[in-house]
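Working notes for the structure below.
Heavy atoms only: backbone and side chains are in, while hydrogens, waters and symmetry mates are out. As the structure lists them, so they are numbered: ligands from 1, and atoms in each ligand from 1.
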Amino acid sequence: MSRIDLKNMITEKMSYHPITLSFPNEIESDFRKTYFQNSIVQVRVALVLVMILYGVFGFLDFLMFPEYAETFIKLRFFMVIPFISLIFLLSFLKVFSKIWQFLLSLAYVVGGLGIITMTQFEPEFNEYYAGLILIFFSGYLFVKIRFFWATGAGWLILLIYNLIANFLIDTSSAVIISNNFFFVSANLIGMFAAYYMELQSRKNFFLNQKLDEEKILIENLNKNLEKKVEERSIELIREKNHTEAINANISAIIEGTQDGIWAINTKNEILYLNQVFKERFYKVFGVYLEEGLCIVDFLPESIRKTWEMRYERVLRNEQFRIEDEIMIGEELTYLQFKFNPIVKKGKVVGASCFASNITYRKLAELEIVKAKERAEESDRLKSAFLANMSHEIRTPMNGILGFAGLLKEPDLSGDKQNEYIEIIEESGNRMLNIINDIVDISKIEAGLVELKIERTNVNDLLEHIHSFFLPEARSKGLQIKLLNQDVAAPIIIDTDKEKLYAILSNLVKNAIKYTVEGSIDLACIMNGEKLEFFVKDTGIGIPESKQEKIFERFMQADVSTTRQHEGAGLGLSIARAFVHMLQGEIHLESKPGIGSVFSFSIPIKEVKKQEEILADT
Ligand code: ADP
């Protein structure tokens, strides 16, 4: 029931029959029940009192009318008092509640009749008429007879008196009239009093009932309210548990992740930070951050501006990612930062930031880029190598086939024949060199090359190389010099003579090939535990960017198709592989247009001078 219904009910007017005073609806029977329950004690007390008074007034009979006293006493004690006693006894029966008004009215009338009877013995004598006034008084006001019944009975008594006084007993009109004045007045006063008393008790009843209804209503409302409060409380507890569970999950996620996570407000003050971020920040900047601190205050001057701008961007409601390289301890770490604005009711109130370590991914990416570059390079090399090779093989082949054909000429002079045969031999050698190089590099790569250590006179070896290349150098107008040669005390070591020879001849061959004018120096120096060899030329030189690469197979400084020099790009990679096999290192210093110095060192396990060897034997 709503508040309005409740208000209507409270202000509802009591309606009743103006004469009978009955309620028009079912509450009448409730009223009667209540009225009975509320009255029954008073009724019994009144009946007893009436009986006592009726008895006590017997004294008056002896005093006033000793001659009628016997009759009056009989009237009192054998009629009226027994009748009232009977009603008193009946009041203890259940049925009494149904007929009590009728019985009490009857008692009222009987009481009245008793007095009337007594008055008629001496009708002109006024004393006993006062008794009837008392009867009216108690009938209307005392024994709880309801207005309607009391009025009926009251007027009936008056009617009976008048009938008796006028027709049966000889009474003077003055007495009748004066009595009627009193009796009618008593009846009227009694009626009014009874009317308003009953009306009052009906009003009380009505109000009480309304109050009861309201009480029930309020109790119901209270119950509903309590139920609602209880339901809401359960709901709130459930929501709280749910939120707590979510919060627990979120913090487990936030604290369990490898990412640094932090959030700031619009003043760059830290709202939240997880342990990972705290520790990482400490490692990088040596500061343990805490909630409430202004994050940019703790950044070094060099990067503060950058970070202020990043936070400004995100606080302008921009979502973005940034990758940074940072030194964490000794390690170069790649971090990816994600910035997300925190928006509440359409307004940016802060930002959440994430820092993921992407070093592993970044290195893999860089590796992929390198691998791709390598793949492209090797593809390019392969093409260059194929073009180069076909040229390198075709040139001597053409020489061989061409001059072999010319040899068939019948009129060929002996000189010409020799010349052609020499060219065929030269071309054959060139082809053989290429094939040897290819075979060597294949063997090296297949791990099939083995060392053959033997006693080696380094001076003899250098001498041999010098004299071998001297004609070729001279034919190009170049000088070739052998430096630091102490013929008296030659260096003798245990090494793979053939590999050392191959290394040096490759370097000298290149020096001659890539030098147009000037000289080539060949030297060997003892340097502590190592023996260092130098091949210096005044040739075209090698640009710095190519200096590393030329040691790789098929790599040439000039890979253009219009290059001037023959060669398969294998010589240096074979040389380096052999140097490594001898546990040495090869180096290059070169300047384009000025010349190059190739040097390599090999460790000497046992170095013996000639005289020592002689002494040994
Ligand atoms: P190639 O058969 O091409 O000579 P190498 O492996 O011997 O193959 O040399 C690789 C490249 O290194 C050459 O193509 C050349 O560009 C460069 N190079 C080698 N030695 C010299 C040098 N002394 N002066 C200038 N460039 C050189």
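- In this structure, E331 places its CD atom where only 12 or fewer heavy-atom neighbours from other residues, nucleotides or ligands lie under 6.0 Å away.
- One N or O on the side chain of N459 and one on the backbone of I491 form a donor-acceptor pair closer than 3.5 Å.
- Within the 4.0 Å heavy-atom shell around ligand 1 one does not find G539.
- At least one side-chain heavy atom of W262 sits less than 4.5 Å from a side-chain heavy atom of I295.
- In summary, the atoms of ligand 1 found under 4.0 Å from a heavy atom of G571, numbered by their order in the structure, are 5 (P), 6 (O), 7 (O).
- Looking at heavy atoms from C-beta onward, I358 lies out of side-chain contact with L335 at the 4.5 angstrom threshold.
- Against a heavy-atom cut-off of under 4.0 Å, K513 is close to the following atoms of ligand 1: 1 (P), 2 (O), 4 (O).
- With T538 contributing its side chain and E517 its backbone, the two residues share a donor-acceptor pair below 3.5 Å.
- Between atom 23 (N) of ligand 1 and the options L588, D537, T538, the minimum heavy-atom separation is to D537.
- In this structure, F551 does not count as a contact residue of ligand 1, since none of its heavy atoms falls inside 4.0 Å of the ligand.
- Look at D494 and R455 and you find a salt bridge, because one of the NZ, NE, NH1 or NH2 atoms lies within 4.0 Å of a carboxylate O, short of that distance.
- Here the shortest heavy-atom distance to atom 12 (O) of ligand 1, taken over I550, I434, V597, D437, belongs to I550.
- Remark: ligand 1 atoms within the under-4.0 Å shell around heavy atoms of F598 are 20 (N), 21 (C), 22 (C), 23 (N).
- To the nearest 0.5 angstrom, E498 atom CD is 10.0 Å from T456 atom OG1.
- Taking the centre of each ring, W307 and F298 stay at or above the 6.0 Å mark.
- In the vicinity of G569, heavy-atom distances shorter than 4.0 Å reach the ligand 1 atoms 1 (P), 2 (O), 3 (O), 6 (O), 8 (O).
- Proximity of I540 to ligand 1, defined as any heavy-atom pair under 4.0 Å, is confined to the side chain (atoms from C-beta onward).
- Residue S596 has at least one heavy-atom neighbour below 4.0 Å for each of these atoms of ligand 1: 24 (N).
- By the 3.5 Å distance cut-off applied to N or O atoms, Y514 is counted among the residues near ligand 1.
- A salt bridge links R310 to D324: at least one charged side-chain nitrogen sits closer than 4.0 Å to a carboxylate oxygen.
- For ligand 1, the polar-atom distance check finds no N/O of I542 at less than 3.5 Å from any of the ligand's N/O atoms.
- Taking a 4.0 Å cut-off on heavy atoms, K546 fails to register as neighbouring ligand 1.
- Contact annotation for L570 and ligand 1: only backbone heavy atoms (N, CA, C, O) come within less than 4.0 Å of the ligand.
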